[in-house]
Colleague: 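Dropping a structure here in structure tokens format, bear with me for questions.
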Amino acid sequence: MERLFPLEQIPAQPTAGQTAPTVAQRAAELLALARSDGLRTWRLGGRELIPVVQGGMGVGVSAGQLAGTVASYGGVGTVSSVDLRRMHPDLMAQTGHLDKEPDAKAQIDAANLVALDREIQRARGIAQGRGLIAVNVMKALSAYEIYVRQALHSGADAVVVGAGLPLDLPDIAKDHPKTALIPILSDARGVQLLVRKWEKKGRLPDAIVIEHPRLAGGHLGAAKVADLQDARFDFDTVLPQVLEFFKKSGIEGQIPLIVAGGISSRADILRLQGLGASAVQMGTAFAVTTECDADPAFKHVLADARPEDIVEFVSVAGLPARAVRTPWLDKYIRIEPKLQAAAHVKKKCNMSFDCLAHCGLRDGVVGIGQFCIDQQLGHAMEGDTDKGLFFRGAGSLPFGREIRSVHDLLQWMLAGIRPPVANH
């Protein structure tokens, strides 16, 4: 049910002759909404924030523009670190042709570090000191450590790591005590293991993302597809277990929990804060905003997808994944048994830079994905609806098939205010 604010609390639309509110004014309005009537703001990196975090989405779906915009409104905006050179024609001109050169990987990795720095600075410029800029780095990446180090060097406010247990993150970031370190986990057992390991290194997570594998998009935090429905991942189960662990460990109140997966309304935030979460993380809802860095066709594939169009499969990283059944994915799922039967170790990576530390296609691993994930995600970012792999969460979107602004989305999430239907 939509929640309606008294008229005087709704940010007025400017009429003829009036000046539109600035981003800073809108950010202040959203922060006030986040403090109102049951909702709570939260703190990270010494700043008061709205309780909405934008999740990291690669390749190039959440880069500097999207992350900076979310941060500019007082939230946490997240740059996905994966293969950002694709967003920079000069870097692609330098590296896109590389194939069998002995230093191809080194050149591509270097270009991606330049691109990551550019996108962090771009996001910081848009944010203008508001909110926080995070960088998401998959633990499964071959360049995981150098991406983390670049994010730290480039001044990211937070580093978020999923797709594996980042037990070594405190060691990598030891010279950056003010940068927030945020692991992505899915169950209480994983939280306990990581916190105990980190405690021995003298550092606690600055926050933890609890992501539900049955609801989230992209790579999912379960061992296999059959585990996605396991009740141990339910927020009603995980949050009380984690909070009880914190209490018994003497760290109660020290680690904010950010809940991710299937969140689409203010009522969801209220319910999850009632269970002890500090904030929620959303991915697909931000991927279909006007400020998302991907091609408009990418956004429409996600927004137009029906529940029956969303499928689970095993990625080349060996993790379950969720995406839209587009022509490429439909064909891949049909022929996957043949590809599995023919799996064998390849002489080299398709893209010449070994993006994953362990790749089912390159390493010929039977039982996990047999496709080039960087190539397919790159096609999706560019809007190629025939060849792309379009990761998507399982839930419904706040505005259905509409592509709306970040501000519209945040206003809906914090106040239950639906903007006027867009004119087409």
Colleague: Checking the side chain of Asp295 only, and the main-chain atoms of Ala297 only, is there a donor and an acceptor separated by less than 3.5 Å?
Modeller: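 Here the side-chain-to-backbone pair exists.
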Colleague: Sequence neighbours excluded, which residues qualify as side-chain contact (heavy atoms from CB on, under 4.5 Å) partners of Glu244?
Modeller: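 Partners of Glu244 by the side-chain contact (heavy atoms from CB on, under 4.5 Å) criterion, ordered by chain and then number, come out as Lys247, Lys248.
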Colleague: Among Ile133, Leu66, Val79, Val114, find the one that has a side chain to side chain contact (heavy atoms under 4.5 Å, CB included) with Glu119.
Modeller: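 Single side chain to side chain contact (heavy atoms under 4.5 Å, CB included) partner of Glu119 among Ile133, Leu66, Val79, Val114: Val79.
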Colleague: Could you check if a side-chain atom of Leu361 sits within less than 4.5 angstrom of a side-chain atom of Cys372, using non-hydrogen atoms only?
Modeller: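 Of all side-chain heavy-atom pairs linking Cys372 with Leu361, at least one is under 4.5 Å.
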Colleague: Calculate, to the nearest 0.5 Å, the distance between atoms CD and CE belonging to Gln65 and Met87 respectively.
Modeller: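 Between Gln65 CD and Met87 CE, I get 8.0 Å after rounding to 0.5 Å.
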Colleague: How would you list, by chain and number, every residue that makes a ring pair (Phe, Tyr, Trp, His ring centres under 6.0 Å) with Trp328, sequence neighbours excluded?
Modeller: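 Trp328 satisfies ring pair (Phe, Tyr, Trp, His ring centres under 6.0 Å) with Tyr332, Phe371 only.
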Colleague: Rounded at 0.5 Å granularity, tell me how far CG in Leu98 sits from NZ in Lys105.
Modeller: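 Reported to 0.5 Å precision, the distance equals 12.5 Å.
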Colleague: Counting N and O atoms only, with roles assigned by atom type, does the side chain of Glu291 sit under 3.5 Å from a partner on the main chain of Thr69, one being a donor and the other an acceptor?
Modeller: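 No, Glu291 side chain to Thr69 backbone: no donor-acceptor pair under 3.5 Å.
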Colleague: Examine distances only and state if a side-chain atom of Gln273 and a backbone atom of Val280 form a donor-acceptor pair shorter than 3.5 Å.
Modeller: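 Judged by distance alone, no pair lies under 3.5 Å.
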Colleague: Ser186 side chain to Glu211 main-chain N or O, any donor-acceptor pair under 3.5 Å?
Modeller: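 Yes: the side chain of Ser186 pairs with the backbone of Glu211.
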Colleague: Give me the atom names and distance for the closest heavy-atom approach of Ser72 to Ala27.
Modeller: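 Heavy atoms of Ser72 and Ala27 come nearest at O-CB, 3.4 Å.
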Colleague: Should Tyr147 and Val135 count as side-chain neighbours, where that means a heavy-atom distance under 4.5 Å?
Modeller: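 No. Closest side-chain heavy atoms not under 4.5 Å.
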Colleague: Using a 4.5 Å cut-off on heavy atoms from C-beta on, say whether the side chain of Asp117 contacts that of Gln150.
Modeller: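 Yes; the side chains approach each other to less than 4.5 Å.
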Colleague: State, with a plain yes or no, whether a side-chain heavy atom of Thr385 is found less than 4.5 Å away from one of Pro327.
Modeller: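 No. Closest side-chain heavy atoms not under 4.5 Å.
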Colleague: Taking Arg266 for the side chain and Met413 for the main chain, is one N or O donor matched with an acceptor at less than 3.5 Å?
Modeller: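 Side chain of Arg266 to backbone of Met413, a donor-acceptor pair under 3.5 Å: no, none is there.
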Colleague: At their closest point, which heavy atom of Ala222 faces which heavy atom of Leu319, and how far apart are they?
Modeller: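 Shortest heavy-atom separation between Ala222 and Leu319 comes out as O-CD2, 4.3 Å.
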Colleague: Determine whether Thr326 and Asp386 make a side-chain contact, defined as any pair of heavy atoms from C-beta on separated by less than 4.5 Å.
Modeller: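 Answer no - side chains too far apart.
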Colleague: CD/Gln281 to CD/Gln54 distance, rounded to the nearest 0.5 angstrom?
Modeller: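 One finds 8.0 Å between CD of Gln281 and CD of Gln54.
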Colleague: From Asp187 CG over to Asp230 CG, what is the distance, rounded to the nearest 0.5 angstrom?
Modeller: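 Spacing of CG (Asp187) from CG (Asp230) equals 8.5 Å.
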Colleague: About how many Å separate CG of Asn112 and CD of Gln107, when rounded to the nearest 0.5 Å?
Modeller: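 Result: 12.0 Å between the selected atoms.
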Colleague: If you take all heavy atoms of Gly56 and Asn136, which pair is closest and at what distance?
Modeller: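 The pair with the smallest heavy-atom distance is CA-CB, 4.1 Å.
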Colleague: If you take all heavy atoms of Trp198 and Pro166, which pair is closest and at what distance?
Modeller: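 Answer, listing the atom of Trp198 first, then Pro166: NE1-O, 3.2 Å.
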Colleague: Among residues at least two apart in sequence or on other chains, which ones pass ring pair (Phe, Tyr, Trp, His ring centres under 6.0 Å) with Phe233?
Modeller: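 For Phe233, no residue satisfies ring pair (Phe, Tyr, Trp, His ring centres under 6.0 Å) once neighbours in sequence are set aside.
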Colleague: Does Asp304 come within less than 4.0 Å of Arg401, counting only side-chain N to carboxylate O?
Modeller: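 So Asp304 pairs with Arg401 through a salt bridge.
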Colleague: Looking only at side-chain N and O atoms, does Thr41 offer a donor or acceptor that is under 3.5 Å from a partner on Glu48?
Modeller: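 Distance-only check passes for Glu48 and Thr41.
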Colleague: Spell out, as yes or no, whether a donor-acceptor pair under 3.5 Å connects the side chain of Lys299 to the backbone of Ile403.
Modeller: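 No; judged by distance alone, with no hydrogens or angles, the pair does not exist.
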Colleague: Given 3.5 Å as the limit, does a donor-acceptor pair link the side chain of Trp412 with the main chain of Ser264, or not?
Modeller: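 Judged by distance alone, yes, a pair lies under 3.5 Å.
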Colleague: Does this structure show an ion pair linking Arg271 with Asp236, if we count only N-O contacts that are shorter than 4.0 Å?
Modeller: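 Salt bridge between Arg271 and Asp236, a charged N being under 4.0 Å from a carboxylate O: yes.
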Colleague: What distance do Ile50 atom CD1 and Trp42 atom CH2 have between them, rounded to the nearest 0.5 Å?
Modeller: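 So the CD1 of Ile50 and the CH2 of Trp42 are separated by 10.5 Å.
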Colleague: Please assess Tyr144 against Leu169 for the test side chain to side chain contact (heavy atoms under 4.5 Å, CB included), listing each intermediate value before the final yes or no.
Modeller: CA-CA 10 Å; Tyr144 154 72; Leu169 189 55; 4.0 Å; yes
Colleague: Test side chain to side chain contact (heavy atoms under 4.5 Å, CB included) on Val195 and Ile208; report intermediate values, then the result.
Modeller: CA-CA 10 Å; Val195 168; Ile208 296 174; 4.2 Å; yes
Colleague: Can you find a heavy atom in the side chain of Ile251 that is under 4.5 Å from one in the side chain of Glu199?
Modeller: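 Side chain of Ile251 against side chain of Glu199, heavy atoms only: contact under 4.5 Å found.
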Colleague: Please indicate whether Lys197 has more than 12 foreign heavy atoms, meaning atoms of other residues, nucleotides or ligands, lying under 6.0 Å from its NZ.
Modeller: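 No - once you tally the heavy atoms of other residues, nucleotides and ligands closer than 6.0 Å, there are 12 at most.
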Colleague: Please work out whether the ring planes of His407 and Tyr73 are parallel, tilted or perpendicular, with thresholds of 30° and 60°.
Modeller: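 Geometry flag for Tyr73 against His407: tilted rings.
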Colleague: Any donor-acceptor pair under 3.5 Å linking the side chain of Arg86 with the backbone of Met381?
Modeller: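 No.
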Colleague: Could you tell me whether the side chain of Asp109 and the main chain of Ala106 form a donor-acceptor pair under 3.5 Å?
Modeller: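 No, the answer is negative, given that no donor and acceptor are paired below the 3.5 Å cut-off.
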Colleague: Between Arg392 and Thr284 (side chain of the first, backbone of the second, donor and acceptor by atom type, cut-off under 3.5 Å), is there such a pair?
Modeller: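 Checked: no pair found.
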Colleague: Could you check whether Arg85 pairs with Asp83 (Lys NZ or Arg NE/NH1/NH2 to Asp/Glu carboxylate O, under 4.0 Å)?
Modeller: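 Counted as a salt bridge, because a side-chain N and a carboxylate O are separated by less than 4.0 Å.
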Colleague: Test Asp293 against Arg122 for side chain to side chain contact (heavy atoms under 4.5 Å, CB included), laying out the working first.
Modeller: CA-CA 12 Å; Asp293 294 87; Arg122 182 184 180 203; 3.2 Å; yes
Colleague: Decide yes or no on side chain to side chain contact (heavy atoms under 4.5 Å, CB included) for His212 and Asp234, but give the supporting numbers first.
Modeller: CA-CA 7 Å; His212 199 315; Asp234 290 345; 3.0 Å; yes
Colleague: State whether Asp171 and Lys174 are salt-bridged, where the test is any N-O pair (Lys NZ or Arg NE/NH1/NH2 against Asp/Glu carboxylate O) under 4.0 Å.
Modeller: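 Salt bridge between Asp171 and Lys174, a charged N being under 4.0 Å from a carboxylate O: no.
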Colleague: Do the non-hydrogen side-chain atoms of Ser81 and Leu141 ever get within less than 4.5 Å of each other?
Modeller: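 Yes, close enough: below the 4.5 Å cut-off.
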Colleague: Can you confirm whether more than 12 heavy atoms, excluding those of His88, are under 6.0 Å from its NE2 atom?
Modeller: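 Enclosed: over 12 neighbouring heavy atoms sit under 6.0 Å from NE2 of His88.
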Colleague: Any idea which heavy atoms bring Gly360 and Gln370 closest together, and the distance?
Modeller: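 Shortest heavy-atom separation between Gly360 and Gln370 comes out as O-NE2, 3.1 Å.
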Colleague: Using side chain to side chain contact (heavy atoms under 4.5 Å, CB included) as the criterion, point out the one residue from Leu167, Leu165, Asp168 that pairs with Lys139.
Modeller: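 One option only clears the test, and that one is Asp168.
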Colleague: If you look at every heavy atom in Ala188 and Gln241, which pair is closest and at what distance?
Modeller: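 Result for this residue pair: CB-OE1, 3.3 Å.
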Colleague: Quick check: do Pro205 and Leu181 have side-chain heavy atoms less than 4.5 Å from each other?
Modeller: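 No, too far: nothing below the 4.5 Å cut-off.
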Colleague: Can you confirm whether Arg189 is buried at CZ, in the sense that more than 12 heavy atoms of other residues, nucleotides or ligands lie under 6.0 Å from that atom?
Modeller: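 Not buried by this count: 12 neighbours or fewer within 6.0 Å.
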